[in-house]
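Note that ligands are numbered from 1 as they come in the structure, with each ligand's atoms numbered from 1 the same way. Keep in mind it's a predicted model, so treat the numbers as computed, not measured.
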Amino acid sequence: MVSLLDVRPADRVLEVGFGPGLAITELARLATRGHVHGSDHSEVMVRRASRHNADAIRAGRVELVRAPAERLPAFGEPFDAVLAVNTVGFWPDPAERLRDLRCLLRPGGRIALASQPRCPGAARATTARAAVELQDLRAEAGFAGFRTETLPLDPPVACVVAVNPALDPRGQGGQDG
Ligand SMILES: C[S@@+](CC[C@H](N)C(=O)[O-])C[C@H]1O[C@@H](n2cnc3c(N)ncnc32)[C@H](O)[C@@H]1O
């Protein structure tokens, strides 16, 4: 997932719903001159991810906060990239949350969303449906230029990468391309 996001050394990156913080580590490894922020609503996950990324936090390269997707703090400068893995399905009103994230992304900034269905009997078809759901959400939120990838795990992981096309997500909305 992190590799699909094409993180560059100077990027400012946000991960929402980081869980144990494994992707945060990888993001920090790539954004060597940038900054990685993360938010998760679980105190347990913030503690675990903070332990896992203790060195990068001490070095001031990673900041993790406890905050729900529906009440994200102000992060300062706009982000170049946003990541959300296996968490969008837990958010209240996910399309509205994705619009919030568009507000935090610079124009041209990238977002990567992933979903690995875990319901009993989940298989390729379940993943295909999850991919369509993510595509629909990103379209509703006005993200453009999307591509979909399937990571060949068991069950497969649906990934959608899209771009923030405009300055004002609550204005005209985006266009596909
Ligand atoms: C299935 S885990 C995925 C964790 C991590 N992204 C990964 O792939 O390993 C879902 C994560 O989303 C977080 N989460 C669920 N609802 C959330 C919300 N409304 N706002 C922020 N985080 C949320 C949970 O605390 C948990 O860490």
Picking from N164, L105, L4, D11, what satisfies side-chain contact (heavy atoms from CB on, under 4.5 Å) with R110?
-> D11
Is there any N or O on A69 that sits under 3.5 Å from an N or O of ligand 1?
-> yes
Find all atoms of ligand 1 within a distance of less than 4.0 Å from any non-hydrogen atom belonging to W91, and give their numbers and elements.
-> 17 (C), 18 (C), 19 (N)
Can you tell me the protein heavy atom closest to atom 23 (C) of ligand 1 and the distance?
-> H41 CD2, 3.4 Å
Does the side chain of E133 come under 3.5 Å of the side chain of S115 through a donor N or O and an acceptor N or O?
-> no
Quick one: which ligand 1 atoms are inside 4.0 Å of a heavy atom on M45?
-> 27 (O)
Is the shortest heavy-atom distance from the side chain of C159 to the side chain of L151 under 4.5 Å?
-> yes
Say you draw a straight line from CZ of R138 to CZ of R102; how long is it, rounded to the nearest 0.5 Å?
-> 10.5 Å
Can you tell me the protein heavy atom closest to atom 19 (N) of ligand 1 and the distance?
-> E70 OE1, 3.1 Å
Subset of ligand 1 atoms that lie under 4.0 Å from at least one heavy atom of S42 | 25 (O)
Protein contact to atom 27 (O) of ligand 1 [nearest heavy atom, distance to 0.1 Å] = D40 OD2, 2.6 Å
Are M1 and L27 connected in the hydrophobic side-chain network, where two residues link if heavy atoms are under 4.5 Å apart?
-> yes
Applying ring pair (Phe, Tyr, Trp, His ring centres under 6.0 Å), name anything that partners H41, two or more places apart in sequence or on another chain.
-> none
Do me a favour and list the nearest non-hydrogen protein atom to atom 12 (O) of ligand 1 with residue, atom name and distance?
-> T87 OG1, 2.9 Å
Enter the distance from H52:NE2 to T25:OG1 here, rounded to the nearest 0.5 Å.
-> 3.5 Å
Out of curiosity, is E15 lining ligand 1, as in a heavy atom under 4.0 Å away?
-> yes
Tell me: protein heavy atom nearest atom 9 (O) of ligand 1, and distance?
-> P20 CD, 4.0 Å
Just distance, no hydrogens or angles: give the donor-acceptor pairs under 3.5 Å from side chains in residues 67-91, sequence neighbours left out.
unit_1, atom_1, unit_2, atom_2, d
D80, OD1, R106, NE, 2.7
D80, OD2, R12, N, 2.7
N86, OD1, Q116, N, 2.7
T87, OG1, W91, NE1, 3.0
W91, NE1, T87, O, 3.3

Taking N or O atoms only and a 3.5 Å limit, does V85 qualify as a polar contact for ligand 1?
-> yes
Which residue supplies the protein heavy atom nearest to atom 2 (S) of ligand 1, what is that atom called, and how far is it?
-> N86 O, 3.9 Å
